Amino acid sequence: MSLKFWKPGTSLPEPGSSLDRDTQAEGTIPVATPSSLSSLSISAQRENLPIYKHRSKILYTIEKHGVTIVWLGGDGHVIACTQPRRVAATSVANRVATEVGSLLGDEVGYIIRFESVSSPSRTRILYMTDGMLFRETLLDPLLSRYSVIMLDEVHERSVYTDLLMGVLKKIRRKRPSLRLIISSATLDAAALLDYFNSDSLDDPATIISLEGRMFPVEIAYLAEPTPDYVSKAAATAWDINTHHGPGDVLIFLTGREEIDRCLEELSEMLGTNKMKNAPSLLLLPLHAVIVSTNIAEASVTIDGIKFVVDCGFVKIRIFNPNTSLSTLTTLPTSLASATQRAGRAGRTSSGICYRLYPQSASLALQRTSPPLLTHTDLTTPILLLLSLGFHNILKFPWPTPPPAENVLRALEGLNSAGLIGEDGRMTIVGEKVAEMPVEVGIARMVPLRVERAPMRRRNPTIAAMCSVQDVFIIPDGAPGALAELERRKFTAEEGDHLTLLNVYNAFARSHSSKSFCSRHSLSFRSLSRAMSIRGQLKKYMQRFSLPLESCEGDAKRLRRCLVSGLWRNGARWVGDGSFKSVRGDKTLYVHPNSVLFTRKPRSGWVVFHEMEETKKTQIRILTEIEPEWLLDYGNRYEDNKGSSNGVAVG
DNA sequence: GAGCACTGC
């Protein structure tokens, strides 16, 4: 069987029209259908085309598919295609618009947070981030304006893609005419097919698995395991360059520290060889060596790589429900990740991937990486599911169920924050928090009801600044010292929350000036993002009819208000730059980016926004407080619960 | 006196 795709440049058929435009097709692509339409495998391997070409071909068939469904179903007419990342949504939309001869935002458009290039009446194919489509289910639980929904890059198992899969499974029971297309790059397509088709609906879901690589990549393993993959990576890159070049090299390591060390070792080798063998110096400037984390695995693509050096490890963040602490841990990659990394060597010609582990070790690798939902804090996802009406969370059709402790911990946290009641149902404040497009911890920093002072001082600017990262740019060495001096200009004695507020206000006064940011060593990107988020938060406050009050010159009230949300995150100074947590009596270290990194708070007490375990447990975004405030809020909470447990602050 | 894997609303 072969499906035709129509000529680029012609417009899409109207719903209900005949499909005679097939006659305009310029070519065909072979489609293997092993049993039925339920498993559609498109082979694009025979043509040496760049990935977008493959993508758009699939999209042609989906457009065709989609139009057919519209014609049959008639209860919607938009084809949605989700992507886990913003850039992917915009760039694929752009490419497809060009190829079908549509103006971007007309027949083909995209929607990502803060940015919509689409027309409600004219757009037929809508690319969007998975998070945006999930948000839409909160407003339209049956997603009734779509006739076809395609989830792309499902193998990445992002939080929103997994949530969408569960929700879509339920939607399809109520709207069997909705056509679902799942696109996954790995071998787990069969499992996904079972997941979706266990309901035995008449119209089964379609799983597309893209056999992607364009050029062959040879895999080479080490004969023996290496005790130091960073040195080995540098040595391998050097070896490639001197004996196997020419060709650009991409090295996968797990983090910044490793990357710095690897680059150092490479430059040392370059220095030594410069002395004794001048000609080899000419090779390096011509051929790049790129040392990267797994950002180069999917998010950033670099063309022209011929050699990949893969250390075989990845750093992931794992949430521990017992301590509510996230830990950054280095673990072996999955087989799927290793394949993905190797594939980076074959984008423009055939290549070689050097894996810095023995072949025997590759047999022990997990097939795929664990879905994010199984090792992340579920507080926000679960509130969203409750808001969608999944009251029995344990029965939600998770594509992969998270550990029960993680679910229980999230429910407990939501209850203690007053967002769900003892019966597990959402409170009025809980409903508002779910509506806000930020994490629960951030939404709670925003005023959500008319309150008495000092709770009234909840501040959307601070909330927005806490939800962006890397506001201060502090490079290594001498420029770092200068940047440090620039940062001091914004420092508030009271701590990081007020310092961030100062930075934001100065940025706003500069009319969001880029040069202001570079003069003061601030990230323009992060501050612009904070500004958009603040705007979004204010919009919700208006919707909830809450006035935005100014907290200028009222630092004390503002700090008290911070305690009302963060009293569980209290800590006491114990000397040598370290603190003890009020809960759990854990030793905490101040993150070097904090203004309290260099000095002891006068009262000896702080609250903090978040903690994370790397080599040691660090706390970020701290504010100095008075210890009685902790007791105040802790007792108030315990009174409300009617429990006798006080808060240990001794 | 020392650091932060990667997304998304």
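The model shown is predicted, which means the values in this text are computed figures rather than measured ones. Each chain gets a letter, A, B and so on, in the order its sequence line appears, and its residues count up from 1. All values below were derived from every heavy atom in this structure, side-chain atoms included, with hydrogens, water molecules and symmetry-related copies excluded.
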**Student:** Any base atoms under 4.0 Å from A:F597, or only sugar-phosphate, or nothing? Heavy atoms, all strands.
**Tutor:** base
**Student:** Counting only side-chain nitrogens and oxygens, does A:R620 get under 4.0 Å of the OP1 or OP2 atom of B:dG3?
**Tutor:** no
**Student:** May I have the distance from A:K615 (atom NZ) to B:dG1 (atom C1'), rounded to whole angstrom?
**Tutor:** 14 Å
**Student:** Round to a whole Å and report the spacing from CG of A:D310 to P of B:dA5.
**Tutor:** 17 Å
**Student:** Rounded to the Å, how far apart are A:E610 CD and B:dA5 P?
**Tutor:** 14 Å
**Student:** Scan A:V314 against the nucleic acid and name what it touches under 4.0 Å (heavy atoms): base, sugar-phosphate only, or nothing.
**Tutor:** nothing
**Student:** Hey, does the side chain of A:D310 reach the backbone of A:R355 with a donor-acceptor pair shorter than 3.5 angstrom?
**Tutor:** no
**Student:** Using side-chain contact (heavy atoms from CB on, under 4.5 Å) as the criterion, list what pairs up with A:P592, not counting sequence neighbours.
**Tutor:** A:F597, A:Q618
**Student:** Return the 5'-most residue of the pair A:S467, A:L328 with respect to DNA chain B, ranking by each residue's nearest nucleotide.
**Tutor:** A:L328
**Student:** Between A:H591 and B:dC4, does any side-chain N or O lie under 4.0 Å from OP1 or OP2?
**Tutor:** yes
**Student:** As a test of reading the structure: which of B:dA2, B:dC4, B:dG8 is closest to the side chain of A:R85, going by heavy atoms?
**Tutor:** B:dG8
**Student:** Between A:F490 and A:H520, what is the ring plane arrangement, given parallel below 30°, perpendicular above 60°, and tilted in between?
**Tutor:** perpendicular
**Student:** Please give me every residue in residues 373-384 of chain A whose heavy atoms get under 4.0 Å of an atom in DNA chain B, ordered by residue number.
**Tutor:** none
**Student:** Got a sec? Which of residues 315-324 of chain A come in under 4.0 Å of DNA chain B, heavy atoms?
**Tutor:** A:K315, A:R317
**Student:** Can you tell me which residue among A:L253, A:V230, A:T226, A:T236 is in a side-chain contact (heavy atoms from CB on, under 4.5 Å) with A:C311?
**Tutor:** A:L253
**Student:** Looking at the base of B:dG8, is there any donor atom on it, or on the side chain of A:E439, that sits under 3.5 Å from an acceptor on the other one?
**Tutor:** yes
**Student:** Is there a donor-acceptor pair under 3.5 Å between the side chain of A:S581 and the backbone N or O of A:K586?
**Tutor:** yes
**Student:** Taking only Lys NZ, Arg NE, NH1 and NH2, and the carboxylate oxygens of Asp or Glu, determine whether A:K432 and A:E435 approach each other closer than 4.0 Å.
**Tutor:** no
**Student:** For A:R344 and A:I305, which heavy atoms make the closest approach, and how far apart are they?
**Tutor:** O-CB, 3.4 Å
**Student:** Take atom CG of A:L138 and atom C1' of B:dC9, then tell me their distance rounded to the nearest Å.
**Tutor:** 10 Å
**Student:** Taking atom C1' of B:dA5 as reference, at what distance in whole Å does atom CZ of A:R157 sit?
**Tutor:** 20 Å
**Student:** How would you label the contact of A:I295 with the nucleic acid (heavy atoms, under 4.0 Å): base, sugar-phosphate, or nothing?
**Tutor:** sugar-phosphate
**Student:** Between A:T368, A:T374, A:D162, which is the residue that forms a side-chain hydrogen bond (donor to acceptor under 3.5 Å, both in side chains) with A:R157?
**Tutor:** A:D162
**Student:** Closest nucleotide of DNA chain B for A:N294 versus for A:R135: which of these residues is on the 5' side?
**Tutor:** A:N294
**Student:** Checking contacts here: which listed nucleotide (B:dG3, B:dT7, B:dA5) is nearest the side-chain heavy atoms of A:Q469?
**Tutor:** B:dT7
**Student:** Does A:T129 make a side-chain N or O approach to OP1 or OP2 of B:dC9 shorter than 4.0 Å?
**Tutor:** yes
**Student:** If only side-chain N and O atoms count, and only distance matters, is there a donor-acceptor pair under 3.5 Å linking A:T327 with A:T329?
**Tutor:** no
**Student:** If you apply the rule side chain to side chain donor-acceptor pair (under 3.5 Å), what do you find for A:E265 with A:S231, and how did you get there?
**Tutor:** CA-CA 7 Å; A:E265 293 195 15; A:S231 289; 3.0 Å; yes
**Student:** Taking the side chain of A:N593 as its heavy atoms from C-beta onward, which of B:dC9, B:dC6, B:dG3 lies nearest to it?
**Tutor:** B:dG3
**Student:** Please determine, for the side chain of A:I474, which listed nucleotide (B:dA5, B:dG3, B:dC9) has the closest atom?
**Tutor:** B:dG3
**Student:** Considering only side-chain heavy atoms of A:K616, which listed nucleotide, B:dG8, B:dA2, B:dC6, is closest?
**Tutor:** B:dA2
**Student:** Measure CZ/A:R113 against C1'/B:dT7 and give the value in whole Å, please.
**Tutor:** 12 Å
**Student:** Calculate the interatomic distance between A:L596 atom CG and B:dG1 atom P; express it in whole Å.
**Tutor:** 17 Å
**Student:** Checking contacts here: which listed nucleotide (B:dC6, B:dC4, B:dC9) is nearest the side-chain heavy atoms of A:T614?
**Tutor:** B:dC4
**Student:** Should A:Q536 be listed as having a side-chain N or O under 4.0 Å from OP1 or OP2 of B:dC9?
**Tutor:** no
**Student:** Base, sugar-phosphate or nothing for A:T598? Non-hydrogen atoms, less than 4.0 Å.
**Tutor:** base
**Student:** Tell me the interatomic distance from A:M436, atom CE, to B:dG8, atom P, rounded to whole angstroms.
**Tutor:** 20 Å
**Student:** With distance as the sole test, does A:S578 use its side chain to make a donor-acceptor pair with the main-chain N or O of A:G575 at under 3.5 Å?
**Tutor:** yes
